[in-house]
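Quick one: the structure is below, and I'll ask about it shortly.
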Amino acid sequence: MQPIGTALEFDRQWTRSGLLTHLESLTWPRPERVQVLIHDEEDDCFGLWMMYDGALVEVPLPRAQRFHAPAPLTDEFSPSPGYLWRTDQPRHPQTSRPNVKIRDRLGSDGTEL
């Protein structure tokens, strides 16, 4: 039997909102074989979701941990799925704080604030 697969690319996490729910709603001939890999811009590696009891559940990966920024004050935006970071690699100082872009931490002369 030939493996069947689909690849999708999203620019930002917000455009993939609802993806897992949609995939859960599909009729799968062998749901126990469904594997979803997602890599957001800020992630160090792909996250793995597998079907368990009809729901896609993120499978914990060795030496990786999902970090979550504080929840937004309003429900104007979808909640962030967090950042999947490797725990065996040191974090670069400019990327150790979620939601802070490097350019936001630079002064007008280009030096770090």
Side-chain angles (χ1 to χ4, degrees):
M1 178 185 297
Q2 293 293 331
I4 299 171
T6 301
L8 302 170
E9 183 177 348
F10 300 96
D11 291 336
R12 299 242 179 251
Q13 67 190 11
W14 312 116
T15 58
R16 74 169 175 86
S17 180
L19 173 65
L20 296 178
T21 303
H22 173 70
L23 293 173
E24 290 169 348
S25 73
L26 299 176
T27 303
W28 297 96
R30 301 286 306 266
E32 68 276 6
R33 292 186 177 183
V34 174
Q35 298 177 357
V36 178
L37 296 169
I38 298 177
H39 186 283
D40 284 322
E41 289 180 71
E42 295 86 7
D43 291 344
D44 287 341
C45 56
F46 281 88
L48 171 65
W49 280 258
M50 294 181 70
M51 194 75 77
Y52 292 108
D53 299 323
L56 282 165
V57 177
E58 186 170 19
V59 177
L61 299 175
R63 297 185 176 103
Q65 182 176 357
R66 187 163 297 282
F67 294 91
H68 295 275
L73 299 177
T74 69
D75 60 354
E76 180 182 356
F77 300 104
S78 300
S80 168
Y83 308 93
L84 188 59
W85 287 346
R86 303 260 321 233
T87 57
D88 60 345
Q89 303 288 320
R91 299 294 312 155
H92 192 276
Q94 281 88 355
T95 59
S96 62
R97 293 175 50 204
N99 295 333
V100 178
K101 302 291 184 195
I102 294 173
R103 68 175 177 275
D104 295 337
R105 297 182 62 196
L106 298 179
S108 58
D109 61 353
T111 59
E112 188 171 346
L113 298 175

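In this text, all values refer to a predicted model and were calculated from it rather than measured experimentally.
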Would a 4.5 Å heavy-atom cut-off, applied to side chains only, mark Leu48 and Gln35 as touching? yes
Do Ile38 and Trp49 have side chains that get closer than 4.5 Å, going by heavy atoms? yes
Does atom CZ of Arg63 have more than 12 heavy-atom neighbours, drawn from other residues, nucleotides or ligands, at distances under 6.0 Å? no
Is the closest side-chain heavy-atom distance between Phe46 and Val36 below 4.5 Å? no
Would you name the heavy atoms of Cys45 and Arg86 that are closest together and state the gap between them? SG-CD, 4.3 Å
If you group Ile, Leu, Val, Met, Phe, Trp and Tyr by side-chain heavy-atom gaps below 4.5 Å, do Val59 and Trp28 land in one group? no
Please confirm whether the backbone N or O of Leu56 pairs with a side-chain atom of Glu24, one donor and one acceptor, at under 3.5 Å? yes
Atom CD of Glu42 and atom CH2 of Trp85: how far apart are they, to the nearest 0.5 Å? 9.0 Å
Please find the pair of heavy atoms, one from Leu84 and one from Ala64, that lie closest to each other, and give the distance. CD1-CB, 4.1 Å
Determine, using the 4.5 Å side-chain heavy-atom cutoff (strictly less than), whether Met50 and Leu23 are members of one ILVMFWY cluster. no
Nearest atoms (heavy-atom pairs only) where Glu58 meets Arg66: OE2-NH2, 2.7 Å
How long is the gap from CG on Leu26 to OG1 on Thr21, to the nearest 0.5 Å? 11.0 Å
If every non-hydrogen atom of Asp40 is compared with every non-hydrogen atom of Pro81, which pair is closest and at what distance? OD2-CG, 3.7 Å
With a 3.5 Å distance limit and no angle check, can you tell me whether Asp43 reaches the backbone of Tyr83 through a side-chain donor-acceptor pair? no
